[in-house]
K.L.:
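Dumping the structure here so I can ask a few things about it.
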Amino acid sequence: MTVKSTSRARKKAAPGVPDSLRTGQDAPAELVQLLTPEGERVENPEFPLTVTPEELRALYRDLVLVRRFDGEATALQRQGELGLWASLLGQEAAQVGSGRAMRENDYAFPTYREHGVAWCRGVDPLNLLGMFRGVNHGGWDPNEKNFHLYTIVIGSQTLHATGYAMGITKDGAEDAVIAYFGDGASSQGDVNEAFTFASVYNAPVVFFCQNNQWAISEPTTTQTRIPLYRRAAGFGFPGVRVDGNDVLACLAVTRWALDRARSGSGPVLIEAFTYRMGAHTTSDDPTRYRSSEETEAWKAKDPISRLRAHLEREGLADEEFFAAVDAESEALGLRVREGVRSMPDPDPTLIFDHVYAEPHALVAEERAEYVAYAQSFEGGE
Amino acid sequence: MSKLSMSKAINEGLRSCLEADPKTLVMGEDVGKLGGVFRVTDGLQKDFGEDRVIDTPLAESGIVGTAIGLALRGYRPVVEIQFDGFVYPAFDQIVTQLAKMHARALGHVKMPVTIRIPYAGGIGAVEHHSESHEAYFAHTAGLRVVTPSNPDDAYWMLRQSVESDDPVIFLEPKARYWDKAEISAAPALDLHAAKVVRPGTDLTLLAYGPTVKTCLEAAAAAEQDGHRLEVVDLRSLSPIDFPTLAASIKRTGRAVVVHEAPVFMGMGAELAARLTEQCFYHLEAPVLRVGGYYAPYPPSRVEEQFLPDLDRVLDAVDRALAF
């Protein structure tokens, strides 16, 4: 009886889901777009953007190389070189656009899928693979490029970003922070707590939500009944929905938000409306929960082909340029392939390294036990 | 220094830390104007300002999560969780993020965050205000867990915790907040050293936090019956100073562990197992445990039956001595 009424209630509520939330093809009206899927430049008076041909070509190069790195990593997982890979396929523009909007002293707090942001920050792509190969849990020095370690627990990093931004305010510095998260994470308490802290302390943090429409198998409609960017209003700061497959719009909106944060006007929520073309990770099977029609429709909005169309339409790049990028892409693929295959396993005593910053008696004791045990095998059969 | 209550000693400890390092921050719910619900942070915001003694939104995960970010920016946050039972919403940030950040970064970042938690029972509080959750934290590698039993240790251990580059869970036995004692001019011990607080020859009582006082009272009572009990205050629950503990047991041949947390899977289990391994040939009896029952912390009208008191400690002593 109870089950029946619950299912009836769910059915009744379903038609109320706003169209703009559906994973379909209709671009919601609020979407900031500067480059159409056909590669035509459009203006948005709220987010003006001037880019030189050279900058456009650089963005194209970023997009292509990031996609190549990602594709190589997916292939390496299939070959057994990586234990897992979380592909960013389809989200290159959201990541490159927002990543290139950052200044050197800004700080990014990623999830585990921000390979394109890492690229923009100058983190060696091979550093990102250690975790997926199983040789470390991150490993790079976050302060070297102001790019924090990947965070697996959903949404935790949004609080770290907010705290870091609170520190910037205390320092009186003119830096800003970007916290990356997904549509699924928007349901997490931590993300909502981060919104609260950022708002009440007016912290210079930009919340960059890549709404790629799917949290593993759960659609955005399972996370929210309103468009995600509108959540910001309830916390007292602006929310903007940007075409996440449009690198120029992502660049312009993120640059605006970061400048705004730097000037002391507090946080902004950016919802990059995009699509995860691949699986959630290589362990996932998206054919079980979404249609090929949906994926095909999004293919028409591809971030790379639309920028290439623009470059060609405006005569801003020639065949020589595209060939050079392709060659560079091949070289990157090779470097990643060889780099991963020659990545050494860590010494097992890594288990005991860095558990604590200062000596800890139990760790020291167990390390000594392990070393003695391991040595007992040396020279044995 | 004159005699201070434990709550005032912690207040003075925080004050010293705020004075010593401009990067030290105090954060938590009601820590500013109110001075905390136990007044432990009384007057600190008035003297150090709202930027350093920060009243936070009511969100424990947010408090710890933003403290992690502040630590990444070079700050040294000391956060207050208002009551033991409220730490669970922050548990994820503590065990999956705070505890592991240093290791994940292969040592490139440090996490000097101190989390102060008033814990344990005996004050007639309502639900979720009397819990002993030390085993959860001690079980998590990457965290340090300490608990003082008296004002002098509270003052110095807090300062040592704040100075540590590792995250420290600082458990304050709230039933002892009003006990008074002199504060030493300098710390007598390393943060993680255990201390023989009463020497004896017949049996060792192992205790920490709120039960140290209970054990000292039990030892005094046992003396009337001609039993000389040694009392060791663990002070640190991660790491545990096993050499000091083992040395005591090798002297006395018997041990009883006393804590408020449920006995099952508690600190006593670890202590009994390890000390049995280390002192097997010196033991005249199994290491016995006295603690809470495997039940939710009870309503306050029956908490005296849940908490280890003098009689339950002495009963265990008698059982150990009878072997």
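Treat the numbers as computed from the prediction; the structure is a model and nothing was measured. Below, read A as the first sequence line, B as the second, and so on, with proteins coming before strands; counting in each chain starts at 1.
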K.L.:
Do you know the tightest heavy-atom contact between H137(A) and R104(B)?
P.N.:
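Closest heavy-atom pair between H137(A) and R104(B): CB-CG, 3.6 Å.
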K.L.:
Below 4.5 Å from any heavy atom of chain B, which atoms of I168(A) appear? Answer side chain, backbone, both or neither.
P.N.:
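Both the backbone and the side chain of I168(A) come within 4.5 Å of chain B.
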K.L.:
Non-hydrogen contacts under 4.5 angstrom with chain B: give the residues of residues 104-134 of chain A involved, or none if there are none.
P.N.:
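So the qualifying residues are F109(A).
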K.L.:
Side chains of I240(B) and L362(A), heavy atoms from C-beta outward: is any pair under 4.5 Å?
P.N.:
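In short, these two side chains do not touch, never coming nearer than 4.5 Å.
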K.L.:
Please check this pair: side chain of Y164(A) against backbone of L70(B), looking for a donor-acceptor N/O pair closer than 3.5 Å.
P.N.:
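Checking the backbone N and O of L70(B) against the side chain of Y164(A), no donor-acceptor pair under 3.5 Å is found.
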K.L.:
For E174(A), look at atom CD and say whether over 12 heavy atoms of other residues, nucleotides or ligands are found less than 6.0 Å away.
P.N.:
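No - once you tally the heavy atoms of other residues, nucleotides and ligands closer than 6.0 Å, there are 12 at most.
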K.L.:
Search all heavy atoms of G62(B) against all heavy atoms of L159(A) and return the closest pair with its distance.
P.N.:
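The answer is CA-CD2, 3.5 Å.
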K.L.:
H282(B): which residues meet the side-chain hydrogen bond (donor to acceptor under 3.5 Å, both in side chains) condition with it, sequence neighbours left out?
P.N.:
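Scan of H282(B) (side-chain hydrogen bond (donor to acceptor under 3.5 Å, both in side chains), adjacent residues dropped) gives none.
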K.L.:
Heavy atoms, side chains only, cut-off 4.5 Å: are R73(B) and D175(A) in contact?
P.N.:
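Sidechains of D175(A) and R73(B): in contact.
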K.L.:
Under a 4.5 Å heavy-atom cut-off, does chain B meet the side chain of P346(A), its backbone, both or neither?
P.N.:
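Neither part, no heavy atoms under 4.5 Å.
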K.L.:
If you measure from CD1 on I68(B) to CD on Q157(A), what distance do you get to the nearest 0.5 Å?
P.N.:
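With rounding to 0.5 Å, CD1 (I68(B)) is 11.5 Å from CD (Q157(A)).
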K.L.:
How long is the span from the CG atom in L72(B) to the NE2 atom in H160(A), to the nearest 0.5 Å?
P.N.:
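Answer for the CG-NE2 pair, L72(B) versus H160(A), is 7.5 Å.
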K.L.:
What part of S61(B) gets closer than 4.5 Å to chain A, counting heavy atoms only: side chain, backbone, both or neither?
P.N.:
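The answer is both parts of S61(B).
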K.L.:
Contact between T151(A) and Q97(B) at the side-chain level, heavy atoms closer than 4.5 Å - yes or no?
P.N.:
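Result yes, sub-4.5 Å side-chain heavy-atom pair found.
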K.L.:
Side chain from CB out, backbone as N, CA, C, O: work out which of these in M101(B) comes under 4.5 Å of a heavy atom of chain A, or both, or neither.
P.N.:
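For M101(B), the contact with chain A is made by backbone and side chain together.
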K.L.:
By a 4.5 Å heavy-atom criterion (distance strictly below it), what part of S236(B) contacts chain A: side chain, backbone, both, or neither?
P.N.:
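Neither; nothing under 4.5 Å.
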K.L.:
Out of curiosity, N143(A) CG to H108(B) NE2, how far, rounded to the nearest 0.5 Å?
P.N.:
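With rounding to 0.5 Å, CG (N143(A)) is 9.5 Å from NE2 (H108(B)).
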K.L.:
Using every non-hydrogen atom in the two residues, find where A105(B) and P142(A) come nearest and quote the distance to one decimal.
P.N.:
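Nearest heavy atoms, A105(B) then P142(A): CB-CD, 4.3 Å.
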K.L.:
Heavy-atom distance under 4.5 Å to chain B: side chain of V355(A), backbone, both or neither?
P.N.:
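Looking at V355(A), backbone and side chain both touch chain B.
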K.L.:
Answer yes or no: are there more than 12 heavy-atom neighbours, outside K170(A) itself, under 6.0 Å from its atom NZ?
P.N.:
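Check passes, neighbour count above 12.
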K.L.:
Please assess D92(B) against Q188(A) for the test side-chain contact (heavy atoms from CB on, under 4.5 Å), listing each intermediate value before the final yes or no.
P.N.:
CA-CA 12 Å; D92(B) 168 59; Q188(A) 288 280 359; over 6 Å; no
K.L.:
Sort by residue number and list every residue of residues 16-35 of chain B having at least one heavy atom under 4.5 Å from chain A.
P.N.:
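Listed by number, the contacting residues are K23(B), L25(B).
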K.L.:
Can you name the closest pair of heavy atoms from T56(B) and Y201(A) and give their distance?
P.N.:
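Smallest interatomic distance, heavy atoms only, reads CA-OH, 3.2 Å.
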K.L.:
Does the side chain of Y356(A) reach to within under 4.5 Å of the side chain of S164(B), using non-hydrogen atoms?
P.N.:
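Of all side-chain heavy-atom pairs linking S164(B) with Y356(A), none is under 4.5 Å.
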K.L.:
Of the listed residues (G167(A), A198(A), G138(A), A357(A)), which shares the most heavy-atom pairs with chain B below a 4.5 Å separation?
P.N.:
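Answer, by heavy-atom pair count under 4.5 Å with chain B: A357(A).
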K.L.:
What residue in V200(A), T162(A), L149(A) has the most heavy-atom pairs under 4.5 Å with chain B?
P.N.:
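Option with the top pair count is L149(A).
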K.L.:
What residue, out of G189(A), A165(A), S156(A), A161(A), has the most heavy-atom pairs lying under 4.5 Å from chain B?
P.N.:
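Sorted descending by pairs with chain B, the first entry is S156(A).
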K.L.:
Heavy-atom distances under 4.5 Å only: say whether A141(B) touches chain A with side chain, backbone, both or neither.
P.N.:
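A141(B) touches chain A through backbone and side-chain heavy atoms alike.
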K.L.:
With a 4.5 angstrom heavy-atom cut-off, which part of N192(A) approaches chain B: side chain, backbone, both or neither?
P.N.:
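Neither; nothing under 4.5 Å.
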K.L.:
Applying a criterion of heavy atom separation less than 4.5 Å, what residues of residues 75-88 of chain B form contacts with chain A?
P.N.:
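Residues in range: Y75(B).
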K.L.:
Kindly give the heavy-atom pair with the smallest separation between E163(B) and E358(A), and that separation in Å.
P.N.:
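The pair with the smallest heavy-atom distance is O-OE2, 4.3 Å.
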K.L.:
Top residue by heavy-atom pair count (under 4.5 Å) with chain B, among N136(A), D190(A), T196(A)?
P.N.:
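Going by pairs under 4.5 Å, I would pick D190(A).
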K.L.:
Could you tell me which non-hydrogen atom of H360(A) sits nearest to which non-hydrogen atom of S238(B), and how far apart they are?
P.N.:
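Shortest heavy-atom contact: NE2-OG, 3.0 Å.
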